[in-house]
Amino acid sequence: MEKGLGQNSVPPPGSIDKSQILDIKPIRCLIPVFSKNPQAPSSGQYPSGFSPFFPFGGPHDSSTTGVKARGRAMPTPIWSFRSPVEEDEDLNGNDGYSHKRDARSNPSRVKLQKIKLNHNFQVDMSGLVGIGPAQKYDGNQEVVNIVLMSFDSLRRRLCQLVDANELNMGMFKRTDLKAGNICLSRGIRTNATKRVGSVPGVEIGDIFFFRMEMCVVGLHSQSMGGIDAIKGDHEDETLAVSIVSSGEYDNEDEDGDVLIYTGQGGNFNKKEKHVSDQKLHRGNLALDRSSRQHNEVRVIRGIKDTTSLGSKIYIYDGLYKIQDSWAEKDKEGGGNLFKYKLIKVPGQHSAFSVWKLIQKWKSGFLARSGLILPDLSSGAESIPVSLVNEVDNVKSPAFFTYFQSLRHPKSFSLTQPSHGCSCNAKKACVPGDLDCSCIQRNKGDFPYIIHGVLVNRKPLVHECGPTCKCFPNCKNRVSQSGLKHQMEVFKTKDKGWGLRSWDPIRAGAFICEYAGEVIDKARLSQLIKEGDTDEYVFDTTRVYESFKWNYEPKLLGEVRTNKSSEDYAMPHPLIINAKNVGNVARFMNHSCSPNVFWQPVLYEENNQSFLHVAFFALRHIPPMQELTYDYGTDRSDNAEGSSARKGRKKCFCGSVKCRGSFT
DNA sequence: GCATGATCACACTC
DNA sequence: CGAGTGTGATCATG
C-alpha cells in the first residue's frame, strides 16, 4: 500500500497523526560538529574491540569522496524533518531522556522524525578508530569486526526506521544495500585491495547474512555477481579470486570439500525467456584462467536459512583450487553451461562440512558423538538442549534444577506496579505506534526488528508483559519466548562445561536469559562466607567494560542523543544465583573478547515490574562456536595491583585482548 | 496454510 | 554510462 510513494514527501496513508507533526519541510540543516581534537584517543581506552567513531578528526583520505579541500569541506547537510519542539531540545543539546515527563505524559513529545538520506552528503569515516587509510586496504581481525559491526548496526537501525515508517517510505526496502553503500562510500571497509588467497581478519567458518557484508570486508567484492576476479596487466589476464556458490545453479556437492560450480550468464529455461549459452567472458573467463594458473580461489557457500524463508547464509569455506572445467548442456533445456570442479586445499579447518554434519545430527541420520543426554532441560525448553562430552570421562555437571526464568523470594520487593500497553489484542504492537505505552517507554523506538534482533544496546529495554493487551505473538516479547536456537552444553578442554549452538546466530539475536534464584547482596556474601563460590552468580553491580555496539547516528544524519547511550541503567541491582536453579546461561564461560553481551530487560508480571538479564549475540556466531560473555570485574578488584587476590581465576579465553584473569 | 513464483528496487564492475 | 549480474523483501498464486 505504501509502496510507490518514492521520494514523495506526502506521508503514507494511515499515519494521520504524523502528517500534522511532520508537515514536511526542511526546518534546519544539521551541520555535524567537527571534533576539536585532531588526535583520536588511543584504542586502549576502549578495550573491547569496538571503539567510538571520530569521524571528523582523524587522518584524511580523499580517495573515497574525491573532495580535495578536505580541511574545509563541509559535509552537505542532511535534512532532518522534525517538529519545532524537538528542535529546541536538540539545540540545547539535551533531549528528554532523563526527564520522565516526555514519553509518558505526552506522546507527541516522543522523538519523532522523518529521515531522508541524502546521497550527496559526505562524511569522512576514515578517521574511525581502527580504520585508518592502511586498514582500509589491508585489515586484520579487529578491523574486520569493527567494519562488520558498523555495517550491521546501521542496517538494524535502518530496518527499525523503515518498520516504524520514519523513513521516507519506498526509498529503500533494501536496508542491507543501503547500509553497505554507506559503509563503502564512507571508508568503513577493509581489505579493499583485491587479493588471491585468504583475506586478513576473515576466518574460515565465518558466516555472513548479506552479500554486502562480504563486500565491506573484502572477502568478495561483488555485490551480486558470483565470481570476483582481479585484473592482470593485460585485459585477458584476469584471475578469479573468490566465488559464491549460491545453490541457485544446483551445484551438487557430494563431498564437503568438493564443489561443482556453474559459470555465470546464459538463460536456462526460465519461462519463455530466450535460451542462450553462457559465454566465455567475464567471470567465466577468469575462472578458466584460474584453472590453468592453479591459483587459490576463496569459496563461499551460500545455503538456505532454514529459519527465514528466502534468505541465505553465506559460509566462508576457505581456499579451493580448480581441478577441472568443462561445458555441458543444461539439463532443463537451457543453453550451454560452464562447469568448474573445485577441490578444497588440504590442511584447512572445516566449515561447510560442519554444517552438513549438524544437518545429519538434526535429521537423526547420524548420532551426535559423545552425547550424554539428549535434553538437559527435560522438556522445559521447546528445543532440546543436548549434553555432550567428547574430551574426558566426566559424565555430567553438578546437579541443578533446570528452570527457564527467575525465581523471586516471596519477600522480594520490587519496582512500582506497572500497567501494560493497550494495543489491539489481536494485532500485537506495531513499530511506530506512539500510542503504545511500551514503545513510549522505549523512547519511541521499537527495540527489535525482524528475527527478533535487538537494534541497539540500551540502558534498559522495556518489553510487553502479561497485562499488555497485545497477544503473545507481539514482537516486543523477544526475551520471554525461550530458546530459539538448538543449544549444546559441552565439556571444554580447560574451562569446564561450556555452551554453544548448532544453529547460526545473527548479531543482535536473543540467545537466552540468565535464569536462577534472585538473591540480595547480604545473601550473596553469606553464601561466599559459607564456602560457596560465586561461580554461578550473575551480579549486575559488578563493573562491566563499556563497548560500542550501536550505530553511529552521524552516519544517518541523526544527532547523538542520550537515547543512544549504551550504559546500563538498572532500576535496582539484580543478583541471580544459578547454582541450584538455572538454565543454559549458567554454562556460558567468560571471555575478554566475547561473542555475547547482556542487556537488562524490564517487563511486568503479576502487576510488578521485573528486571531480567537477557543475552544477545554481539556478532554473527557460526554453529559450534563457544558462546561467551564478559563476566566483568568485582567492584573491590578495581584497585590496581589486586591481581594476586584470592579467588581470581586464570582466563583461558585465548583472545589477543585477554586481561589474563577474572574473578 | 505453506511452498513457489513474480515483482520490485536496487549496487557494483567493466 | 549502460549492460551485465542476481539479491532479498514482499506480495500473489497454486
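Each chain gets a letter, A, B and so on, in the order its sequence line appears, and its residues count up from 1.
The side chain of A/K312 approaches C/dG8 more closely than any other nucleotide in the set C/dG8, B/dA11, B/dT13. Closest approach to the A/R282 side chain among B/dC14, C/dG8, B/dA11 is made by B/dC14 (side chain taken as heavy atoms from C-beta onward). When distances run from any side-chain atom of A/Y314 to the nucleotides C/dT5, C/dT7, C/dA9, the shortest one goes to C/dT7. In the set B/dA11, C/dT7, C/dG4, the nucleotide with an atom closest to the side chain of A/R174 is C/dT7.
Put simply, CD1 on A/I243 is 18 Å from C1' on B/dT13, counting in whole angstrom units. Distance, A/R506 CZ to C/dG8 P: 10 Å, rounded to whole Å. Summarising the geometry, the separation between NE2 on A/H281 and C1' on B/dT13 is reported as 13 Å, rounded to the nearest angstrom. Put simply, CZ on A/F151 is 12 Å from C1' on C/dG8, counting in whole angstrom units. A straight line from CZ of A/F210 to P of B/dA11 spans 15 Å, rounded to a whole angstrom. Separating the CG atom of A/L158 from the P atom of C/dG8 is a distance of 16 Å, rounded to the nearest angstrom. Look at NZ on A/K178: it is 20 Å from P on B/dC8, rounded to the nearest Å. A/M214 places its CE atom 14 Å from the P atom of B/dT13, with the value rounded to the nearest Å.
When each of A/K304 and A/Q222 is assigned the nucleotide of DNA chain B bearing its nearest heavy atom, the one mapping closer to the 5' terminus is A/K304.
Residue A/N181 has no polar side-chain atom (N or O) positioned under 4.0 Å from OP1 or OP2 of B/dC10. Close to B/dT13, at under 4.0 Å from its OP1 or OP2, lies no side-chain N or O of A/K194. Side-chain N/O atoms of A/S223 include none lying less than 4.0 angstrom from OP1 or OP2 on C/dT5.
Legend: ring pair (Phe, Tyr, Trp, His ring centres under 6.0 Å) pairs involving residues 303-337 of chain A, not counting sequence neighbours: none detected.
A salt bridge does not link A/D152 with A/R157: every distance from a Lys NZ or Arg NE/NH1/NH2 to an Asp or Glu carboxylate oxygen is 4.0 Å or more.
For A/R189 (side chain) and A/G218 (main-chain N/O), no donor-acceptor pair under 3.5 Å exists by modelled atom type.
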- prompt: Please walk me through it: do A/Y340 and A/Y261 pass ring-ring contact (aromatic ring centres under 6.0 Å, His included)?
  reply: CA-CA 5 Å; A/Y340 302 88; A/Y261 188 78; 7.1 Å; no

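Every residue two or more places apart in sequence or in another chain that forms a ring pair (Phe, Tyr, Trp, His ring centres under 6.0 Å) with A/H620 is listed here: A/F209.
A/T175 comes within contact range of no nucleotide atom at all, as no heavy-atom separation falls under 4.0 Å.
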